[in-house]
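Structure first, then comments.
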Amino acid sequence: MTTATRTPAATARRLKDRRLIAWLMGEALSQFGDQFFIVALAVSAVESGGAVGVGLILAVSALPKVGLLLFGGSLVDRIGPRRLMLGSDLARLVLMGSLAAYATTANPDIWTLGLIACLFGALDAVFEPAANTLPVHIVAEDQLVRLQGLRTTLGRAATIAGGLTAGFAGVPFSFTVNAATFGISAAALWWLRIPDPPSDSDQANSLWRDTSAGLKYALRHPLLRSALLLIATLEFSLTGAVNVGVPLIAEQRDWGPFGIGLVNSAFGAGAILGPLSMVLFNNRVRRAGPLVLGAAVLGTACFGIIGTTDLLPVAAAVAAGLGLTIGFLAAIVIPLIQRSSDPAYLGRVMSLLALPLSGLTPLSMALTGVAVGYLGAPATMAVCAALAGLASLAALTVPALRQATL
């Protein structure tokens with residue numbers, strides 16, 4: 001496979017371009033609509049199959065996505081990100097519109113919901129690596145950090161807003177909202193009008209061979225290998241503990257629902273301010289490696305404090321710091337990986353980045369729940385913080401990551 005080049009559009013479009021802004025808003029609206037889908041899907045699953053139905057739906061939505069993500073990255077490198085994103089949005093528009101029409105006449109049964117969830121997982125396996133590949137082809141390299149900061153900020157805000165409002169909508173209306181947001185996202189992508197980059201993949205190769213080649217490339221690249229392993233370990237260590245451990249600690253310390261809401265809100269606010277800081281101060285960032293490693297260590301320390309403090313104000317303040325560092329990491333690590341990857345392999349590298357975010361989250365939450373049952377919530381939080389800390393310290397020993405620049 002030869003080395004690909006970035007398309008000319010990558011150096012022509014700036015962040016003030018109306019079409020680029022429209023794409024960012026369309027992507028955020030789609031994430032807003034996803035929260036309506038998640039809530040409506042859970043409500044429909046409970047009505048059709050009870051708790052078992054919810055578990056089944058979550059499984060059939062996650063498994064196809066995890067199983068197909070790496071192949072999705074290979075398709076991105078073969079076909080181009082914009083074309084695949086547009087096709088995915090249109091397919092999900094049709095699926096969600098059909099489900100909304102069906103839900104107006106009857107409550108969808110568990111098999112219908114399972115089929116829709118499975119198809120959505122498969123489409124997400126193509127969309128996610130494509131969405132993180134597209135920025136390389138639409139802005140200059142020195143704008144990647146600011147663009148990612150905007151994407152992360154808007155995405156976090158949209159997810160929080162969607163989560164707060166989705167519970168007030170009925171099931172058919174929620175599916176309709178999600179379908180409409182896919183239509184808006186597709187229209188914004190169509191208006192973006194950039195040429196897909198030329199593919200340098202050997203079309204005679206199977207997807208399996210292309211996927212294997214991408215995996216070998218990432219594992220042999222010192223910076224990519226260390227960055228991907230760091231993100232995977234942090235995701236595995238912290239996600240389950242935040243979603244399972246923090247509510248249990250809040251219950252044990254009699255913080256009540258207000259305490260849980262306060263800690264979660266503080267975390268969400270920090271997760272918005274972190275990437276927003278990269279939008280405002282991008283021009284001052286040059287040494288990415290120390291920032292990534294410093295944020296990882298700081299985030300681990302914040303997490304350890306949440307697991308030990310009995311004071312709600314301290315826990316809320318530290319949760320805000322944890323959200324800040326996680327949001328900051330997302331705004332730095334993704335552009336660092338984008339700039340460090342050979343464009344011919346970028347889709348596959350982005351699929352490797354998405355894999356721990358999609359595949360390790362359910363596993364982390366399940367194992368955290370088991371650990372809490374045996375060790376208790378504070379001890380489990382301490383173990384998770386220690387694992388994240390060890391990963392951060394190990395990353396400090398990698399010169400390619402420690403010396404990385406933007």
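Counting from 1, the numbers follow the sequence of the chain as shown.
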The reported gap from CG in Leu228 to CG in Leu219 (rounded to nearest 0.5 angstrom) is 8.5 Å
Would you say the side chain of Phe32 lies within less than 4.5 Å of the side chain of Thr165, judging by non-hydrogen atoms? yes
Contacts of Trp190 meeting ring pair (Phe, Tyr, Trp, His ring centres under 6.0 Å) (sequence neighbours excluded), chain-then-number -> none
Query raised in the report: Any side-chain heavy atom of Leu147 sitting closer than 4.5 Å to one from Leu24?
Result: yes
Shortest non-hydrogen pair, Gly26 vs Ile184, comes out as CA-CG2, 4.4 Å
For Leu396, the side chain to side chain contact (heavy atoms under 4.5 Å, CB included) test, sequence neighbours excluded, returns Leu293, Leu393
Requested in this report: Step by step, work out the side chain to side chain contact (heavy atoms under 4.5 Å, CB included) result for Arg78 and Leu207.
Outcome: CA-CA 9 Å; Arg78 284 190 175 203; Leu207 277 179; 3.9 Å; yes
- Phe182/Asp34 under side chain to side chain contact (heavy atoms under 4.5 Å, CB included): CA gap, chis, key distance, verdict: CA-CA 9 Å; Phe182 283 130; Asp34 286 344; 3.7 Å; yes
Closest non-hydrogen atoms of Gly167 and Val39, given as atom of the first, atom of the second and distance, are CA-CG1, 4.3 Å
Contacts satisfying ring-ring contact (aromatic ring centres under 6.0 Å, His included) that involve residues 228-266 (not counting sequence neighbours) are none
Margin query: Would the distance check show the side chain of Asn178 and the main-chain N or O of Phe36 forming a donor-acceptor pair, the cut-off being under 3.5 Å?
Written below: no
Minimal heavy-atom distance between Leu336 and Ala404, with the atoms involved, is CD1-CB, 3.9 Å
Sorted by chain and number, sequence neighbours left out, side chain to side chain contact (heavy atoms under 4.5 Å, CB included) with Val314 holds for Ile305, Thr309, Leu311, Val318
Note to self: Any heavy-atom pair between the side chains of Cys384 and Thr380 that's under 4.5 Å?
What the structure shows: yes
Show me the side-chain donor-acceptor pairs of residues 265-273 shorter than 3.5 Å, one per line, residues at least two apart or across chains.
from, atom 1, to, atom 2, distance (Å)
Ser265, OG, Gly261, O, 2.7

task: Run the numbers on Val370 and Tyr374 for side chain to side chain contact (heavy atoms under 4.5 Å, CB included), then give the verdict.
output: CA-CA 7 Å; Val370 173; Tyr374 284 96; 3.9 Å; yes
Q.
For Gly274, is there any backbone N or O sitting under 3.5 Å from a side-chain donor or acceptor partner on Ser277?
A. yes
Those residues at least two apart in sequence (or on a different chain) that pass salt bridge (Lys or Arg N to Asp or Glu O under 4.0 Å) with Asp109 are none
Would one find more than 12 heavy atoms of other residues, nucleotides or ligands at under 6.0 Å from atom CZ of Phe173? no
Here the side-chain hydrogen bond (donor to acceptor under 3.5 Å, both in side chains) pairs for residues 382-403, sequence neighbours left out, are none
Taken in chain and number order and not counting sequence neighbours, the residues that satisfy side chain to side chain contact (heavy atoms under 4.5 Å, CB included) with Ser44 are Asn107, Pro108, Leu113, Val171, Phe175
Residues passing the side chain to side chain contact (heavy atoms under 4.5 Å, CB included) test with Ser237, sequence neighbours excluded, are Thr233, Leu387, Ala388
Before you tell me yes or no, could you show the steps for Phe120 and Phe37 under side chain to side chain contact (heavy atoms under 4.5 Å, CB included), namely the whole-Å CA-CA distance, both residues' side-chain angles and the distance that decides it to 0.1 Å?
CA-CA 11 Å; Phe120 261 68; Phe37 171 61; 4.1 Å; yes
Taken to the nearest 0.5 Å, the spacing of Cys302 SG from Leu322 CG works out to 6.0 Å
d(Met350 CE, Gln338 CD) to nearest 0.5 Å is 5.0 Å
Taken in chain and number order and not counting sequence neighbours, the residues that satisfy ring pair (Phe, Tyr, Trp, His ring centres under 6.0 Å) with Tyr217 are His221, Tyr345
Exercise for review: Would you mind reporting whether Ile332 and Phe328 have side-chain heavy atoms less than 4.5 Å apart?
Suggested key: yes
dist Arg146:CZ -> Leu276:CG (nearest 0.5 Å) comes out at 10.5 Å
### Modelled atom types, side-chain donor and acceptor of Ser30 and Thr181, under 3.5 Å
no
Any side-chain heavy-atom pair of Leu230 and Val292 under 4.5 Å
yes
Residues Ala40 and Ser174: closest non-hydrogen pair is CB-CB, 3.6 Å
Between Gly299 and Thr325 the two heavy atoms that sit nearest each other are CA-OG1, 3.4 Å
- Task: Answer yes or no: is there a side-chain heavy-atom contact under 4.5 Å between Arg92 and Asp124?
- Result: yes
Here the gap from Leu95 atom CG to Ile116 atom CD1, rounded to the nearest 0.5 Å, amounts to 5.0 Å
### Query
Is Thr308 close to Met381 at the side-chain level, that is, under 4.5 Å between some pair of heavy atoms?
no
For Leu150 and Val279 the tightest heavy-atom approach is N-CG2, 3.4 Å
Which atom pairs, donor and acceptor, lie under 3.5 Å between side-chain atoms of residues 126-134 and protein residues at least two apart or in another chain?
from, atom 1, to, atom 2, distance (Å)
Glu128, OE2, Lys65, NZ, 2.3
Asn132, OD1, Arg151, NH1, 3.0
Thr133, OG1, Pro129, O, 2.7

When rounded to the nearest 0.5 Å, the distance separating CG of Leu189 from CG of Leu84 is 11.0 Å
Any side-chain heavy-atom pair from Leu144 and Gln148 closer than 4.5 angstrom? no
| query | Okay, side chain of Arg348, backbone of Asp210: is any donor-acceptor separation there less than 3.5 Å? | reply | yes
Hits for side chain to side chain donor-acceptor pair (under 3.5 Å) against Ser185, two or more places apart or cross-chain, chain-then-number order -> Asp89
